[in-house]
Peer 1: 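Handing you a structure now.
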Amino acid sequence: MTPETLAEKVLSATRAAFEALGLDGAVLPSRTAVERPRDPKHGDYASNIALQTAKKAGTNPRALAEQIAGILAAADGVAKVDIAGPGFLNITLDAAAAGEIAGKIVAAGPSYGTNGSMEGVYANLEFVSANPTGPIHAGGTRWAALGDALARIMRASGAKLTTEYYVNDAGAQIDHFASSLLARAKGEPTPENGYVGAYIDEIAADVLKRRPDALDAPEPLEVFRTVGLELMLDDIKGTLADFGTHFDVFFSENDLHQRGELDAAVQRLSELGHVYEADGAVWLRTTDFGDDKDRVLKSSKGAWTYFAADCAYYLDKRERGFEKLVLMLGADHHGYVGRMQAISRAFGDEPGTLEILIGQFVNLLSNGEPVRLSKRAGTIITLNDVVEAVGVDAARYALTRYSADSAIDLDIDLWTKHGNENPVYYVQYAHSRTNGIIRTATERGVALGDGYDASLLSHPLETELLKVLAEFPAVVATAAELREPHRIARYAEELAGAWHRFQSSGCRVAPGHDEDPTPVNVARLWLATASRIVFANALGLLGVSAPERM
RNA sequence: GCCUCAGUAGCUCAGCUGGAUAGAGCACCGGACUUCUAAUCCGAUGGUCGCAGGUUCGAAUCCUGCCUGGGGCACCA
């Protein structure tokens, strides 16, 4: 029995109890959940529904719990229901009912963990969106890992999602980028506000390789702008692809300008009555929507601001049909939240249409000291530096196992260790060990066959492992709802612990060398196979590999 | 000054949409490999959940104020 099924039984038992006691069923929630108690003495699952509803219904939690327990105890698969403390229901399942979950997981395979919590949500998830004037830095690396994992998790929860990278290929920064390239190509010093680093020299050289005539062209700067941008963007795309992060759309800001979408967006905002002119500039009255000051759309010099492009981009996304726009930004951009939300409201959208996730910074540590300089970029640590230091798997795992709200110190020494102090190895090793055990059991004649006797999975550590396995779909759903990929990593670590404990307990999956397989071996092979599936699925949601052998 | 994130074991962090005796890894101490991967496991030690109030049957979790640290407050991009 899955926790979800049990929760439904708890709810229907509660409904029946309300009826029996003549209480008003209107106070009951439409759904409830059971939790896995920390203390095994409290049964397999616990429900606090009596505590949550008794007061509203005007009765005593304990009395209500008594009534629910009586009804629930008679349900299929429920062995025992105890009442504890102020009114907790402690539920123990039949071993067979608990053991069924292994079969369900094996049957579901790669789809185990998918759930419908975001079914029908048509969403756009934008992340990284680093300026194409240089390599992706450490902060962007975090969003690359986190955003990609979140995309996988939301899709596993049924969302119809497009991932998107906004390319700021218009404006002054690109001008500085182009003039920096041109200067280096001519062997001149980098101009003021220019970009420096080995990559500028490389790209300048590559532009010349592709366009040997670049310096003699009628407008050399334009050649360096166009070709340089393309090369830089290709470099970024390649880096992201190597990192396992996929974007459905790379959206060009320049296209917005070319298509006249800024004028159209501002026109629309103007019609809605939120635009005014003052001091020679054109403003959006964002203060009507909670921003702390109004924002300029067009400067007194007649140039569109970046903010005007933001408005156009927002409108473009909405006109492409997305109902929910999720935007991941670094903590250095949190000041943008107010004005971005104001754009959404100014266009008449409901609160919640635009959702902005703010993530804190990443520091790279080596020997306990912050690493500050990048080999290639010269100034700041890049995604490639991080991957070079710890590898893709460790980097992705390290960047997704912490809440985005926490600033993290990524310690190179820790994340390259081969031991259980390194969480990614701990989890990957558990997977490969599971795989090895299945391999050995298979060699010794154990096969899944047509089925297994679920009641044989009754050892306390088997029961515990089954409960952890059963939790996975709910963990995925919660991670999707709260946009918190780190829950998947933490869950994987918990599962690894449960698995290692099970297999260290003397509960053997494979028979001894000269022994014939028993029904217990078969049942455990189902359990091991289910475990392997969940490890692989959990790591898959994080974009981390699940090695067969280590 | 305002906004925002964080403050939980010696260290790094979970837990925070209110629930039972606050957890994990590391570190330290003591154990377990003729047996499916010891890259593992078991046990012990370790806590005024930053401080002070409040809300209630119940607060690490919600509210208010304060303290400390990170980040941010452009007609830049």
Side-chain angles (χ1 to χ4, degrees), chain A residues 35 37-39 41-42 46 48 51-52 54-55 60-61 84-88 90 131 133 168 170-177 193 253 278-283 292-307 309 330-338 358-361 363 401-409 411 414 417-423 425-426 428-430 432-444 446 478 481-482 486-487 489-491 493-494 496-497 499-513 521 524-525 528 549-550:
Chain A
E35 61 176 33
R38 197 167 285 119
D39 186 341
K41 287 200 291 286
H42 294 148
N48 60 4
L51 289 164
Q52 286 177 334
K55 191 177 182 185
N60 170 306
F88 290 100
N90 290 337
N131 278 347
T133 51
N168 296 124
Q173 294 307 313
I174 295 297
D175 294 340
H176 296 319
F177 175 66
N193 296 323
E253 180 193 354
D279 306 325
V282 180
W283 301 71
D292 38 18
K293 63 178 77 162
D294 288 341
R295 305 291 168 176
V296 173
L297 291 162
K298 188 181 268 183
S299 76
S300 51
K301 291 175 189 159
W304 289 118
T305 60
Y306 187 87
F307 180 67
D332 53 337
H333 282 74
H334 104 270
Y336 287 61
V337 173
I358 299 294
Q360 303 298 315
F361 286 137
N363 286 308
R401 97 180 272 265
Y402 304 96
S403 160
D405 290 338
S406 298
I408 47 180
D409 291 327
D411 187 330
L414 170 66
K417 275 183 186 161
H418 290 195
N420 66 353
E421 65 263 61
N422 179 349
Y425 275 89
Y426 183 71
Q428 288 183 315
Y429 177 66
S432 71
R433 196 179 192 187
T434 310
N435 207 63
I437 284 172
I438 291 169
R439 198 185 307 127
T440 304
T442 304
E443 283 164 9
R444 294 186 188 172
V446 187
T478 304
E481 272 166 44
L482 301 180
H486 75 273
R487 289 172 183 273
R490 300 294 173 158
Y491 168 80
E493 289 166 31
E494 189 185 353
W499 169 256
H500 282 310
R501 278 189 290 280
F502 160 67
Q503 74 78 40
S504 306
S505 67
C507 290
R508 296 180 54 86
V509 177
H513 291 285
N521 294 131
R524 287 182 182 154
L525 182 63
R549 294 168 191 266
M550 288 172 73

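Only a predicted model underlies this, so the values are computations on that prediction, with no experimental measurement involved. Chain A is the first sequence line, chain B the second, and so forth, proteins listed ahead of strands; every chain is numbered from 1. Just so it is clear, the values below take in all heavy atoms, side chains as well, and ignore hydrogens, waters and symmetry mates.
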Peer 1: Heavy atoms only: give me the nearest A:Q360-A:A331 pair and the separation to one decimal.
Peer 2: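 Taking A:Q360 first and A:A331 second, the nearest heavy atoms are OE1-CB, 3.5 Å.
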
Peer 1: In whole Å, what separates the P atom of B:G25 from that of B:G1?
Peer 2: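 Between the two P atoms, the distance is 43 Å.
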
Peer 1: If you compare all heavy atoms of A:A281 against all heavy atoms of A:V296, which two are closest, and at what distance to 0.1 Å?
Peer 2: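 Closest approach of A:A281 to A:V296: CB-CG1, 4.2 Å.
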
Peer 1: When every nucleotide of nucleotides 71-77 of chain B is labelled 5' to 3' by its protein contacts under 4.0 Å (heavy atoms), B for base, S for sugar-phosphate only, - for none, what sequence of letters results?
Peer 2: BSSSBBB

Peer 1: Dot-bracket for RNA chain B, 5' to 3', counting Watson-Crick or G-U wobble pairs under 3.5 Å, with [ ] for crossing pairs and | for inter-strand pairs?
Peer 2: (((((((..((((.....[...))))..((((.......))))......(((((..]....))))))))))))....

Peer 1: Grab the N/O contacts between the protein and nucleotides 44-47 of chain B below 3.5 Å, and write none if there aren't any.
Peer 2:
none

Peer 1: Using the P atom as the point on both nucleotides, what is the distance between B:A24 and B:C36, in whole Å?
Peer 2: 28 Å

Peer 1: Which heavy atom of A:N168 sits nearest to which heavy atom of A:N131, and what is that distance?
Peer 2: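 It is OD1-OD1, 2.8 Å.
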
Peer 1: Can you see which heavy atom on A:Y426 is nearest to which on A:A496, and at what distance?
Peer 2: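 It is CE2-CB, 3.5 Å.
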
Peer 1: Considering only atom P, compute the distance from B:G50 to B:A60 and round it to an integer number of Å.
Peer 2: 10 Å

Peer 1: Is there a donor-acceptor pair closer than 3.5 Å between any side-chain N or O of A:R524 and the backbone N or O of A:R508?
Peer 2: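 Yes, the answer is positive, given that a donor and an acceptor are paired below the 3.5 Å cut-off.
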
Peer 1: Does A:L297 offer a backbone N or O that forms a donor-acceptor pair with the side chain of A:T305 under 3.5 Å?
Peer 2: yes

Peer 1: Could you give me the CA-CA distance, side-chain angles and deciding distance for A:R490 and A:Y402, then say whether side-chain contact (heavy atoms from CB on, under 4.5 Å) is met?
Peer 2: CA-CA 9 Å; A:R490 300 294 173 158; A:Y402 304 96; 3.5 Å; yes

Peer 1: Suppose you measure atom P in B:U61 against the same atom in B:A52; what distance do you get, rounded to whole Å?
Peer 2: 13 Å

Peer 1: Residues two or more places apart in sequence or in another chain: which of them pass ring-ring contact (aromatic ring centres under 6.0 Å, His included) with A:Y429?
Peer 2: A:H500

Peer 1: Tell me, for nucleotides 12-28 of chain B in 5' to 3' order, what letter each nucleotide earns: B for a base near a protein heavy atom under 4.0 Å, S for only sugar-phosphate near one, - for neither?
Peer 2: -SSSSB-BBB-S-SS--

Peer 1: Sticking with atom C1', work out how far B:U8 lies from B:C51, rounded to a whole angstrom.
Peer 2: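 Their C1' atoms lie roughly 14 Å apart.
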
Peer 1: May I have the distance from A:F502 (atom CZ) to B:U37 (atom C1'), rounded to whole angstrom?
Peer 2: 15 Å

Peer 1: So, for A:Q173 and A:T133, which heavy atoms are closest and what is the spacing to 0.1 Å?
Peer 2: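 Looking at all heavy atoms of both residues, the shortest contact is O-CG2, 3.7 Å.
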
Peer 1: Can you check the A:R549 CZ to B:U37 P distance for me, whole Å?
Peer 2: 10 Å

Peer 1: Using the C1' atom as the point on both nucleotides, what is the distance between B:U21 and B:G58, in whole Å?
Peer 2: 15 Å

Peer 1: Listed by chain and number, what are the ring-ring contact (aromatic ring centres under 6.0 Å, His included) partners of A:Y491, not counting sequence neighbours?
Peer 2: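 Listed in chain order: A:F472.
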
Peer 1: For the pair A:R444 (side chain) and A:P511 (backbone), establish whether a donor and an acceptor sit closer than 3.5 Å, ignoring hydrogens and angles.
Peer 2: yes

Peer 1: For the side chain of A:W283 and the backbone of A:A278, is there at least one donor-acceptor N/O pair under 3.5 Å apart?
Peer 2: yes

Peer 1: With rounding to the closest Å, how many angstrom separate the P atoms on B:C62 and B:G70?
Peer 2: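 B:C62 and B:G70 have their P atoms separated by 24 Å.
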
Peer 1: Expressed in whole Å, how much space separates the C1' atoms belonging to B:C49 and B:A59?
Peer 2: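 Per the computed distance, 11 Å lies between those C1' atoms.
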
Peer 1: So which atom in A:C507 and which in A:F502 form the shortest heavy-atom distance, rounded to 0.1 Å?
Peer 2: CB-CE1, 3.4 Å

Peer 1: Is the base of B:C29 syn or anti, where syn means the angle lies within 90° of 0?
Peer 2: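 Glycosidic conformation of B:C29: anti.
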
Peer 1: So, taking the atom named CD in A:E494 and the one named CZ in A:R487, what distance separates them when rounded to the nearest 0.5 Å?
Peer 2: 12.0 Å

Peer 1: NA contact type, A:H418, heavy-atom cut-off 4.0 Å: base, sugar-phosphate, or nothing?
Peer 2: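 Since a base atom lies under 4.0 Å of A:H418, the category is base.
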
